[in-house]
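Quick caveat: nothing in here was measured; it's all calculated off a predicted structure. Numbers for residues simply follow the sequence, beginning at 1.
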Amino acid sequence: MLKQENVILDVSASSKEALFESISKVALETGVVSDAAAFVEGLKARETVSSTGFMDGFAIPHCKSTAVKNPAVFFIRLQEGIEWGLTDNTAAQYMFCLAISDSDDGSQLKVLSKLSRKLVHADFRSQLKTAASASDIVEIVNQAIS
């Protein structure tokens, strides 16, 4: 489930790495990870396997890492989109980031799968793009993945 403290709005990042560092800082502050640098490296390594870019401005960066203490979902809205390799060649401005524990029993991967299936629907993407607040985003996402 998405928590309000894991919704990060109006982030300024000029690259994937800068974004990963911003997410990792929040993940460390909220007790999701024990090592921010290791989490950044995990996210970067996952991107080298294949792009986590989706379409219509959305991406789903994620990784399994021993640095993850408390698995979590983050939602990030950037001030401006960045190059990500999305399937429709748009810039990525909205991200779900999943911090998955190395010992995940499959439950976090199920969340990833649910989010991927929901992002196919234009109405879900539109709701996220036009949400006015973090609490609105939490409600939209948790309703969709519950």
To the closest 0.5 Å, what do you measure between [atom1] ([X]) and [atom2] ([Y])?
| X | Y | atom1 | atom2 | answer |
| --- | --- | --- | --- | --- |
| L2 | E5 | CG | CD | 10.0 Å |
| L86 | F54 | CG | CZ | 9.5 Å |
| K3 | N142 | NZ | CG | 10.5 Å |
| I82 | S14 | CD1 | OG | 7.5 Å |
| T90 | D88 | OG1 | CG | 3.5 Å |
| F58 | L119 | CZ | CG | 6.0 Å |

**Asked** Does E21 CD have over 12 foreign heavy atoms under 6.0 Å away?
**Response** yes
**Asked** Should we count NZ of K110 as having more than 12 external heavy atoms under 6.0 Å?
**Response** no
**Prompt:** In terms of the angle between their ring planes, are F75 and F96 parallel, tilted or perpendicular, with boundaries placed at 30° and 60°?
**Reply:** perpendicular
**Asked** Charged N to carboxylate O under 4.0 angstrom, E41 versus K44?
**Response** yes
**Prompt:** Are D56 and R125 within salt-bridge range, i.e. N to O under 4.0 Å?
**Reply:** yes
Is the backbone N or O of [Y] less than 3.5 Å from a side-chain atom of [X], with the two atoms forming a donor-acceptor pair by type?
| X | Y | answer |
| --- | --- | --- |
| R46 | S50 | yes |
| E17 | L19 | no |
| Q93 | Q79 | yes |
| T130 | S126 | yes |
| K64 | I100 | no |
| D35 | A67 | no |
| S116 | L112 | yes |

Same cluster or not: are [X] and [Y] linked, directly or through other Ile, Leu, Val, Met, Phe, Trp or Tyr residues, by side-chain heavy atoms under 4.5 angstrom apart?
| X | Y | value |
| --- | --- | --- |
| V11 | L9 | no |
| I60 | I145 | yes |
| I76 | Y94 | no |
| M95 | M55 | no |
| V73 | I23 | no |

Heavy atoms only: give me the nearest [X]-[Y] pair and the separation to one decimal.
| X | Y | answer |
| --- | --- | --- |
| K16 | E83 | CE-O, 4.0 Å |
| A92 | A59 | CB-CB, 4.4 Å |
| S24 | V33 | O-CG2, 4.2 Å |
| K69 | S34 | CD-CB, 3.7 Å |
| G31 | N70 | O-ND2, 2.7 Å |
| V40 | F20 | CG2-O, 3.6 Å |

**Item:** Member of I137, D136, V141, V26 meeting the side-chain contact (heavy atoms from CB on, under 4.5 Å) criterion with V7
**Value:** I137
**Option among S107, S103, S101 that satisfies the side-chain contact (heavy atoms from CB on, under 4.5 Å) test with D105** = S107
Would you say [X] and [Y] make side-chain contact, with heavy atoms under 4.5 Å?
| X | Y | value |
| --- | --- | --- |
| I140 | F124 | yes |
| V68 | D102 | no |
| C97 | F39 | yes |
| L78 | E80 | no |

**Item:** Short side-chain donor-acceptor distance under 3.5 Å, W84 and T52
**Value:** yes
**Request:** Please report the C-alpha distance between V111 and L98 in whole Å, then the side-chain angles of each, then the deciding distance to 0.1 Å, and finally whether the side chain to side chain contact (heavy atoms under 4.5 Å, CB included) criterion is met.
**Result:** CA-CA 9 Å; V111 170; L98 278 75; 4.1 Å; yes
**Item:** Full working for salt bridge (Lys or Arg N to Asp or Glu O under 4.0 Å) between R77 and D10
**Value:** CA-CA 5 Å; R77 180 176 67 202; D10 302 320; 3.4 Å; yes
